[in-house]
Amino acid sequence: MQAISNLLLDKFHDLSDPEFIRDFESVAQIQKVKQGEMIIDYGDFISFVPLVISGLIKVSRTNEEDREILLYFLSGGDTCASSFSCCMIKKRSEIQAIAEEDSTLIAIPMEAADRWMSEYKVWRDFVFSNYDQKMYQLIDTIDRLAFSQLDQKLIDYLEDRSRFTDDGVIHVTHSVIAHDLNVSREAVSRMLKKMENQGMVTLERNSITLND
DNA sequence: ACATTAAGTGATT
DNA sequence: AATCACTTAATGT
């Protein structure tokens, strides 16, 4: 039980309250997910709040016309903002979370996450600041979908994703990008080629490097 | 060696 | 910019 709180403190420094940690240890569960694994699907009843320790999670939503839109990514130190609201009002999930890489999560039972809101200031602050942060990311996403042309969308997308790598190499195929941005694969390939000619990126099979 | 998948390209709408 | 048809290159079995 020592290990799990170390994981917590390593990625979530804001939650370092001794009393909280003790309570946390009694309910938290480590959950490992493999790349491509569906963590939350539409209509799932969410019974826990996930805290992401490592890896990368893609949170997205698909509309009636089967178009998937990317909402945001979660990496170490993040939590799923919409899972809170989902839990609190006992609603089924409106979104989908898929592991983009092998990832490690800590699952907090909804009952505890709820109770902590009134018991621990560190937890409450953490939840709200995270919610706020994710809201801004969502606004960015909306801007991107509504107003940007493909070149800008691509740059934003790549910058967004490169924040989650330490060597600047993004492991992704053109068709995955195309899918995330709701454009054709050919358009992505052509645009990336242009960007490569301008020296902005370096292209390899299955990976893209963003050059400042 | 062969099949599959990723990426590049030109033509058409 | 999307779709189609096709080519080329890399990777897996």
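Just so we're on the same page: letters track the sequence lines, and every chain starts at 1.
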>> If I take atom CG in residue L181(A) and atom P in nucleotide dA2(C), what distance separates them, rounded to the nearest angstrom?
In response: 11 Å
> dA1(C) C1' sits how many Å from Q152(A) CD, rounded?
Replying inline: 17 Å
Enumerate donor-acceptor pairs with a distance under 3.5 Å from any side-chain N or O in residues 197-208 of chain A to protein atoms, sequence neighbours excluded.
{"unit_1": "N197(A)", "atom_1": "ND2", "unit_2": "K193(A)", "atom_2": "O", "d": "3.4"}
{"unit_1": "T202(A)", "atom_1": "OG1", "unit_2": "N211(A)", "atom_2": "ND2", "d": "3.0"}

> Can you list the other members of the hydrophobic cluster that holds M38(A), where links are side-chain heavy atoms under 4.5 angstrom apart?
Replying inline: I98(A)
> If you look only at pairs with a residue in residues 33-57 of chain A, which of them pass as a salt bridge (charged side-chain N to carboxylate O under 4.0 Å, His left out), with sequence neighbours excluded?
Replying inline: none
> Tell me the salt bridge (charged side-chain N to carboxylate O under 4.0 Å, His left out) pairs involving residues 71-89 of chain A, sequence neighbours left out?
Replying inline: D78(A)-K134(A)
> How does each nucleotide of nucleotides 7-13 of chain B score, in 5' to 3' order, for protein heavy atoms under 4.0 Å: base (B), sugar-phosphate only (S), or none (-)?
Replying inline: BBBB---
> Who passes side chain to side chain donor-acceptor pair (under 3.5 Å) against Q133(A), sequence neighbours left out?
Replying inline: none
